[in-house]
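A short worksheet on the structure shown next.
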Number of protein chains: 2
Amino acid sequence: MKIGELAKAAHVEVETIRYYERIGLLPAPSRSPNGYRAYAGGHLERLAFIRHCRALDIALVDVAQLLRFVDDPTTDCAEVDALIDSQLTRVRARLDTLQMLERQLVALRSQCGAPDRAAQCGILHELEAPTRGDVCVCHDEHAQ
Amino acid sequence: MKIGELAKAAHVEVETIRYYERIGLLPAPSRSPNGYRAYAGGHLERLAFIRHCRALDIALVDVAQLLRFVDDPTTDCAEVDALIDSQLTRVRARLDTLQMLERQLVALRSQCGAPDRAAQCGILHELEAPTRGDVCVCHDEHAQ
DNA sequence: GCTTGACCCTGTAGTGGCTACAGGGTGTGT
DNA sequence: ACACACCCTGTAGCCACTACAGGGTCAAGC
């Protein structure tokens, strides 16, 4: 199987495969006489695993660790748990941040109702609030 | 005011200020005879505005646009609205993705209960599901 | 046989928003 | 004089790709 075929089978870009090989995540395959990469079935499995982890926003460094766990069946399962737990923590933290951001933007957006010029713009006025020493609606904990 | 003083006043790194100047977001200040940057009050205001926008995860290219609106008071306010609206849309989209990710990770995490070795690990088993042509718990729409 | 287009190769650079480093200059206190 | 904190410019690195440059290979169509 050539690289384009592997890419299509795994729903990934050819360049991504080369990237994974370069950083050591995917083993380098054998080559055809013309120098083309020649992939066997194991590569698709590994690539599918990697893409599965990436779909869960797992960092490549952690994907590499998970692959090491796969390759060493005697590894303690608790280490796998810990890795997924920390990923879950990361996602939840980012979730919290974004939820706060949404609220802030909604509050800010509400400062502009009627069409006007920028000089009278409530949004810009609020964005300039810290400059004036004022508390803005987007970062005012009491207004939310 | 020297760059370190401005950085402290705006709660930002010195390097970030130099970066903003390099990309044209902050105007270059005058210089002392020894070549040091000499900042006046207007710079702190502009930097505060930039940091305020950044705290709302607004991309620098959009911050630059907002600054142009500030500098041209005749700009139509609707353009400011549109910019904040698109930012809100972006945040909401990312929120959706992360909420889905959280659910997926929770489902995956639930596959491992008791201490074991990696060979029996439910998490790794699920991460390998697509390889076997199976549907994994993290991406199975019916299981959620 | 030639042309064309799709695919392949390696190596490098770019994305966004910083952050860190190298190598050197300036000012102040001891 | 020395040490340390700060300043300067320029460059590189982070993360996970993605795009490009320049060149080679293959197969189908004329």
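FYI, side chains are in, hydrogens and waters are out, and symmetry mates aren't considered; it's all heavy atoms of this structure. Since we're looking at a predicted model, the values are computed, not measured. Proteins come first, then strands; the chains are lettered A, B, ... in the order of their sequence lines, and each starts at number 1.
Between B:Tyr20 and the phosphate of C:dC18, there is a side-chain N or O to OP1/OP2 separation shorter than 4.0 Å.
Annotation: side chain to side chain donor-acceptor pair (under 3.5 Å) contacts involving residues 25-42 of chain B, sequence neighbours excluded, comprise B:Glu21-B:Arg37.
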What N/O pairs connect the protein and nucleotides 6-10 of chain C at under 3.5 Å? Give each pair on its own line.
| residue | atom | partner | partner atom | Å |
| --- | --- | --- | --- | --- |
| C:dC8 | OP1 | A:Gly4 | N | 2.5 |
| C:dC9 | OP1 | A:Arg37 | N | 2.7 |
| C:dC9 | OP1 | A:Arg37 | NH1 | 3.0 |
| C:dC9 | OP2 | A:Arg18 | NE | 3.4 |
| C:dC9 | OP2 | A:Arg18 | NH2 | 3.1 |
| C:dC9 | OP2 | A:Arg37 | NH1 | 3.3 |
| C:dC9 | O5' | A:Arg37 | NH1 | 3.4 |
| C:dC9 | O3' | A:Arg31 | NH1 | 3.3 |
| C:dT10 | OP1 | A:Arg31 | NH1 | 3.3 |
| C:dT10 | OP1 | A:Arg31 | NH2 | 2.7 |
| C:dT10 | OP2 | A:Arg37 | NH1 | 3.0 |
| C:dT10 | OP2 | A:Arg37 | NH2 | 2.9 |

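Panel note: side chain B:Gln87, backbone B:Asp57; a donor-acceptor pair is recorded below 3.5 Å. Between the side chain of A:Glu5 and the backbone N or O of A:Lys2, at least one donor-acceptor pair lies under 3.5 Å.
Straight-line distance from the CG atom of B:Leu26 to the C1' atom of C:dC18: 14 Å, rounded to whole Å. When rounded to the nearest whole Å, the span between CD1 of A:Ile17 and C1' of D:dT18 equals 14 Å. If you take CG of B:Asp57 and P of C:dC18, they are 10 Å apart, rounded to a whole angstrom. Whole-Å rounding puts the A:Glu15 CD to C:dT15 P distance at 16 Å. Between the CD1 atom of B:Ile23 and the P atom of C:dC18 there is a distance of 8 Å, given to the nearest Å. Regarding A:Leu60, its CG atom lies at a distance of 13 Å from the C1' atom of D:dC14, rounded to whole Å. Rounded to a whole Å, the NZ atom of B:Lys8 is 7 Å from the P atom of D:dC6. Rounding to whole angstrom units, CE of residue B:Met1 and P of D:dC6 are separated by 16 Å.
Which of C:dG17, C:dA20, D:dC17 sits closest to the side chain of A:Thr16 comes down to D:dC17.
Between the CG atom of A:Leu98 and the CD atom of A:Gln104 there is a distance of 10.5 Å, given to the nearest 0.5 Å.
When all heavy atoms of B:Pro27 and B:His43 are compared, the closest pair comes out as O-NE2, 2.8 Å.
Residues A:Gln65 and A:Val80 fail the side-chain proximity criterion, which asks for heavy atoms closer than 4.5 Å.
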